[in-house]
Amino acid sequence: MGNDSLCCDRTSTRADICFARGDVRMHSASASFQLVSSSSGNATAAAVEEERIRPYTRKWEANVMATIDEVRLRRVPAGGAARCDVVHDVPAVVFSTGGYTGNVYHEFNDGILPLFVTSNHLRRRVVFVILEYHDWWMTKYGDVVSRLSAFPPIDFTADRRVHCFPEVIAGLRIHGELTVDPEKTPEGKSIRHFRTLLDDAYRGRIQYLERLERRAARSRKRRAAAAKPTTTSIALPIMAPPAKQASPSPPDRPRLVIVSRTGSRVIENEADVAALAADVGFDVRVVRPERTTELCKIYRELNASDAMVGVHGAAMTHFLFMRPGKVFVQVVPLGTDWAAGAYYGEPAARLGLRYVGYKILPEESSLSREYPTGDPVLTDPAGVGKRGWDVTKKVYLDRQNVRLDLPRFREVLVGAHRHLVAGKRRRRQRESQ
């Protein structure tokens, strides 16, 4: 784009994106950005040229898009432009944290990853202008956002000052489900580069948490004279590993994290599954992320893990926190085959994880206790799903738990364990050469 330009790309089915370059002024009072025409510009054209955009990445969902605030980008003559209160020498990227924000899958898929795709090549020389700004969102994702922008974000609605920019990008690019397509990024970046950004974002906070834990450990040691040792609470509700943790020693055992659920799609025999994993040879942790759990602490747990097991749902988004080469086992309840693969399985494989989809049998579903043998809900979930999303959600997402067949699931765990042990053996051989 040349200077004094205004255009939009509306070819994607997922999201629109608009650009304005030149003297661009944020005027939140009129929900607009003003591109000030040069003195030689055509005043009549300047008065009518305008583009409108709802800067959210689910363009095809009319219902949710109707809830997203609209922004206007319009050309104005110099005499009709707002006066600058704050002048920036870097571009602005405008996006919304409305819509499905509040669900971790959508927070990453519709927001954080598109933000990386759209702005990473600017090397932090960008200001984020946020519609439907939420303090909690910045608290949750501030570490990541600060790796993409070196400047404080602007609350578009609350900040009534006129911010002036040399360029504005309104809307975000999105490549697909939880992914970054290197062929569509300016510098060939992939999902693995995003994974590196997460490492950088959380490194400082993790080091701080580790210092606090070492300090607490020293304090406990000084109080060790007490007859009864104290216990220390930890940030994540992690269950103690099952008793069968004999041989080999824990440092040589691959670490497996079970991401636990409450409400629906619960593993009803979770304790038995944890004991089974320990018996196979894993050091087992059970993690129950809460809405208030600091994201860095979940990242730290999964980043240090070798395998992750969980039932299909938004929490499976946390596979992004695992290192390439590790194992992700997703339990796939009845009626969720396509979504499990498209939203989590395929993206996990692109990240470099060894993905295993454990598709349950009808007898492993709690629905087998609710519906008679032979009912289409049990025998033909795809057919039931054709009745619409509301039916799928009500039957298969909101009312279904699982009770895993332990001998059958053991085969999955044994395969994962062998893969991880073999990988560790190969790394040791390379290091010794």
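Side chains included, hydrogens not; waters and symmetry mates left out as well; all remaining heavy atoms used.
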*Asks:* Using a strict cut-off of less than 4.0 Å between a Lys/Arg side-chain nitrogen and an Asp/Glu carboxylate oxygen, indicate whether Asp143 and Arg205 qualify as a salt bridge.
*Replies:* no
*Asks:* Run through Asp181, Leu113, Leu178 and flag the one making a side chain to side chain contact (heavy atoms under 4.5 Å, CB included) with Ile191.
*Replies:* Leu113
*Asks:* For Arg195, look at atom CZ and say whether over 12 heavy atoms of other residues, nucleotides or ligands are found less than 6.0 Å away.
*Replies:* yes
*Asks:* Counting N and O atoms only, with roles assigned by atom type, does the side chain of Arg265 sit under 3.5 Å from a partner on the main chain of Asn401, one being a donor and the other an acceptor?
*Replies:* no
*Asks:* Within the side chain of Ser149, is there an N or O that forms a donor-acceptor pair under 3.5 Å with the backbone of Ser146?
*Replies:* no
*Asks:* Is there side-chain contact between Glu301 and Lys297, with at least one heavy-atom pair below 4.5 Å?
*Replies:* no
*Asks:* Below 30° counts as parallel, above 60° as perpendicular, anything between as tilted: where do the rings of Phe321 and Phe108 land?
*Replies:* perpendicular
*Asks:* Say you draw a straight line from CZ of Phe194 to CG of Leu351; how long is it, rounded to the nearest 0.5 Å?
*Replies:* 10.0 Å
*Asks:* What I want to find out is whether Asp4 reaches Arg21 closely enough, with some N-O distance under 4.0 Å, to be called a salt bridge.
*Replies:* no
*Asks:* Please report the shortest heavy-atom distance between Ser368 and Ser365, naming the atom on each side.
*Replies:* OG-O, 2.7 Å
*Asks:* Can you tell whether the side chains of Arg350 and Glu177 come within less than 4.0 Å, N to carboxylate O?
*Replies:* no
*Asks:* Using 0.5 Å steps for rounding, measure from the CD atom of Gln207 to the CG atom of Leu212.
*Replies:* 12.5 Å
*Asks:* Does the distance from a Lys or Arg side-chain N to an Asp or Glu carboxylate O, for Arg403 and Glu364, drop under 4.0 Å?
*Replies:* no
*Asks:* Distance check, rounded to the nearest 0.5 Å: Arg25 atom CZ versus Leu35 atom CG?
*Replies:* 10.0 Å
*Asks:* Look at the side chain of Asn103 and the backbone N and O of His106, then say whether any donor-acceptor pair between them is shorter than 3.5 Å.
*Replies:* yes
*Asks:* Looking at Arg261 and Ser264, would you say the former's side chain and the latter's main chain have a donor-acceptor pair under 3.5 Å?
*Replies:* yes
*Asks:* Would you call Glu294-Lys140 a salt bridge at under 4.0 Å N-O?
*Replies:* no
*Asks:* Under a plain distance cut-off of 3.5 Å, with no hydrogens placed, do Ser366 and Arg369 share a side-chain donor-acceptor pair?
*Replies:* no
*Asks:* Does a side chain donor of either His121 or Glu187 reach within less than 3.5 Å of an acceptor in the other side chain?
*Replies:* no
*Asks:* Between Tyr100 and Tyr105, is the ring centre distance below 6.0 Å?
*Replies:* no
*Asks:* Run through Trp137, Tyr141, Trp136 and flag the one making a side chain to side chain contact (heavy atoms under 4.5 Å, CB included) with Thr97.
*Replies:* Trp137
*Asks:* Less than 4.5 Å apart, side chain to side chain, heavy atoms only: is that true for Arg161 and His163?
*Replies:* yes
*Asks:* Can you measure from CZ (Arg54) to NZ (Lys59) and round to the nearest 0.5 angstrom?
*Replies:* 13.0 Å
*Asks:* Does atom CG of Asn63 have more than 12 heavy-atom neighbours from other groups under 6.0 Å away?
*Replies:* no
*Asks:* Any chance OH of Tyr208 has more than 12 other-residue heavy atoms, nucleotides or ligands included, within less than 6.0 Å?
*Replies:* no
*Asks:* How close do Pro333 and His312 get, counting heavy atoms only, and between which atoms?
*Replies:* CD-CB, 3.8 Å
*Asks:* What verdict does the side chain to side chain contact (heavy atoms under 4.5 Å, CB included) test give for Leu420 and Arg418, after you've listed the backbone C-alpha separation in whole Å, the side-chain angles of each residue and the deciding distance to 0.1 Å?
*Replies:* CA-CA 5 Å; Leu420 293 166; Arg418 287 174 177 168; over 6 Å; no
*Asks:* We want to know whether Glu270 and Ser260 form a side-chain donor-acceptor pair, criterion being a heavy-atom distance below 3.5 angstrom.
*Replies:* yes
*Asks:* Return the minimal non-hydrogen interatomic distance between Asp16 and Ser12, and the atom names on each side.
*Replies:* OD1-O, 4.5 Å
*Asks:* Between Val90 and Leu122, does a side chain to side chain contact (heavy atoms under 4.5 Å, CB included) hold up when you go through it step by step?
*Replies:* CA-CA 9 Å; Val90 299; Leu122 298 172; over 6 Å; no
*Asks:* In sequence, state the C-alpha distance, the side-chain angles, and the governing distance for Ile258 and Val287, and then conclude on side chain to side chain contact (heavy atoms under 4.5 Å, CB included).
*Replies:* CA-CA 6 Å; Ile258 298 175; Val287 174; over 6 Å; no
*Asks:* Side chain to side chain contact (heavy atoms under 4.5 Å, CB included) for Ile68 and Leu131? Distances and angles first, verdict last.
*Replies:* CA-CA 8 Å; Ile68 304 299; Leu131 279 69; 5.5 Å; no
*Asks:* State whether a side-chain donor-acceptor pair under 3.5 Å links Ser96 with Glu132.
*Replies:* yes
*Asks:* Between Tyr133 and Phe156, does the ring centroid distance fall short of 6.0 Å?
*Replies:* no
*Asks:* Inspect cysteines Cys18 and Cys8 and report if their side-chain SG atoms are under 2.5 angstrom from one another.
*Replies:* yes
*Asks:* Could you tell me whether Asp390 and Lys393 have a side-chain N and a carboxylate O separated by less than 4.0 Å?
*Replies:* no
*Asks:* To the nearest 0.5 Å, how far apart are CD1 in Ile174 and CG in Leu115?
*Replies:* 12.0 Å
*Asks:* With a cut-off of under 6.0 Å to the ring centre and 45° to the axis, is Arg408 in cation-pi contact with Tyr358?
*Replies:* yes
*Asks:* Is it true that a side-chain atom of Asn269 and a backbone atom of Leu404 form a donor plus acceptor pair closer than 3.5 Å?
*Replies:* yes
*Asks:* Any ion pair linking Arg300 and Glu213 (charged N to carboxylate O, less than 4.0 Å)?
*Replies:* yes
*Asks:* Quick check for you: to the nearest 0.5 Å, what is the distance between Thr67 atom OG1 and Arg58 atom CZ?
*Replies:* 11.5 Å
*Asks:* For a quick test of reading the model, state the closest non-hydrogen atom pair linking Val329 to Val412 and the distance between them.
*Replies:* CG1-CG1, 3.9 Å
*Asks:* Could Arg255 and Asp306 be called an ion pair, given the rule that one side-chain N must be under 4.0 Å from one carboxylate O?
*Replies:* no
*Asks:* Please report the shortest heavy-atom distance between Leu276 and Arg410, naming the atom on each side.
*Replies:* CD1-NH1, 3.2 Å
*Asks:* Look at Asp337 together with Lys359 and state whether they make a salt bridge at an N to O cut-off of under 4.0 Å.
*Replies:* yes
*Asks:* Where is the tightest heavy-atom contact between Ala278 and Val284, given as atom of each residue plus distance?
*Replies:* N-CG2, 3.6 Å
*Asks:* Is a side-chain donor-acceptor pair under 3.5 Å present for Thr196 with His193?
*Replies:* no
